[in-house]
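Side chains included, hydrogens not; waters and symmetry mates left out as well; all remaining heavy atoms used.
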Amino acid sequence: MSGINEFIDNEIKTNDVVLFMKGTPQFPQCGFSGQIVQILDHIGVDYKGINVLADSEIRQGIKDYSNWPTIPQLYVKGEFIGGCDIVREMFQAGELQQHFQENGITVRGAA
């Protein structure tokens, strides 16, 4: 496992919710990243945002790690959930909130 894979693996395993995104949660730098940030903020879960634009190795590494070609990518309890479309669909169906609760993650936002 390369150093970048170890870094990604560690971030995913030590944080309950991790969003690999373009930009930061405070300043998303693409619309899709921004949509997931809005959803997570609306639900009210704590998460760690990792800015792939800050490091090209992470940007490529996360695509290789998940075998998923696009960013953003959301991980919950070490499991890859998906990108913007999947997360949005799960949120609209109420499945995302349920998934967080089933995994013991506190949901403080609107139900």
*Step by step, would you call Ile58 with Phe7 a side-chain contact (heavy atoms from CB on, under 4.5 Å)?*
CA-CA 9 Å; Ile58 295 175; Phe7 169 80; 3.5 Å; yes
*asked:* Measuring only between side-chain heavy atoms, which start at C-beta, is Val18 closer than 4.5 Å to Ile50?
replied: yes
*Do Gln73 and Tyr65 touch side chain to side chain, with heavy atoms closer than 4.5 Å?*
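Side-chain contact under 4.5 Å: no.
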Listing request: all salt bridge (Lys or Arg N to Asp or Glu O under 4.0 Å) pairs with a residue in [range], at least two apart in sequence or in separate chains.
range	result
residues 60-70	none
residues 26-55	Glu11-Lys48, Asp46-Arg108
residues 71-80	Asp16-Lys77

*asked:* List the residues meeting side chain to side chain donor-acceptor pair (under 3.5 Å) with Thr70, not counting sequence neighbours, and say none if there are none.
replied: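 Checked Thr70 against side chain to side chain donor-acceptor pair (under 3.5 Å); matches are Trp68.
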*Residues in side chain to side chain donor-acceptor pair (under 3.5 Å) with Gln98, at least two apart?*
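Partners of Gln98 by the side chain to side chain donor-acceptor pair (under 3.5 Å) criterion, ordered by chain and then number, come out as Glu102.
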Please report the shortest heavy-atom distance between [X] and [Y], naming the atom on each side.
X	Y	answer
Gly49	Met21	CA-SD, 4.4 Å
Ile12	Gly78	CG2-CA, 3.3 Å
Val52	Ile62	CG1-CG2, 4.4 Å
Gly83	Ile36	C-CD1, 4.0 Å

_With Phe20 via ring pair (Phe, Tyr, Trp, His ring centres under 6.0 Å) - residues at least two apart_ =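 With sequence neighbours excluded, Phe20 shows a ring pair (Phe, Tyr, Trp, His ring centres under 6.0 Å) to Tyr75, given in chain and number order.
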*Could you give the distance from CD1 (Ile71) to CD (Gln60), rounded to the nearest 0.5 Å?*
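Between Ile71 CD1 and Gln60 CD, I get 8.0 Å after rounding to 0.5 Å.
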*asked:* Holding to side chain to side chain contact (heavy atoms under 4.5 Å, CB included), I want the full list of residues that pass it with Phe100, two or more places apart in sequence or in another chain.
replied: Val17, Leu40, Ile43, Val45, Val76, Leu96, Ile105, Val107
*asked:* Just to verify, what does Glu95 make a side chain to side chain contact (heavy atoms under 4.5 Å, CB included) with, not counting sequence neighbours?
replied: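 Applying side chain to side chain contact (heavy atoms under 4.5 Å, CB included) to Glu95 gives Met90, Ala93.
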*Do Ile81 and Leu19 sit in the same hydrophobic cluster, where Ile, Leu, Val, Met, Phe, Trp and Tyr count as joined when their side-chain heavy atoms come under 4.5 Å apart?*
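Yes, one cluster joins them.
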*Is a side-chain donor or acceptor of Asp9 paired with a backbone partner of Asn5 at a separation under 3.5 angstrom?*
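Such a contact is absent between Asp9 side chain and Asn5 backbone.
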_Under 3.5 Å donor-acceptor, Ser33 side chain and Lys22 backbone_ =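 Answer holds: yes.
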*Neighbour count above 12 (heavy atom, 6.0 Å) for Asn67 CG*: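 Incorrect, the count does not exceed 12.
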*asked:* Check this for me: Phe80, atom CZ, are more than 12 non-hydrogen atoms of other residues, nucleotides or ligands nearer than 6.0 Å?
replied: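 Correct, the count exceeds 12.
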*Which residue pairs satisfy the side chain to side chain donor-acceptor pair (under 3.5 Å) criterion with at least one member in residues 80-92, sequence neighbours excluded?*
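Qualifying pairs, neighbours excluded: Gln35-Arg88, Asp85-Arg88.
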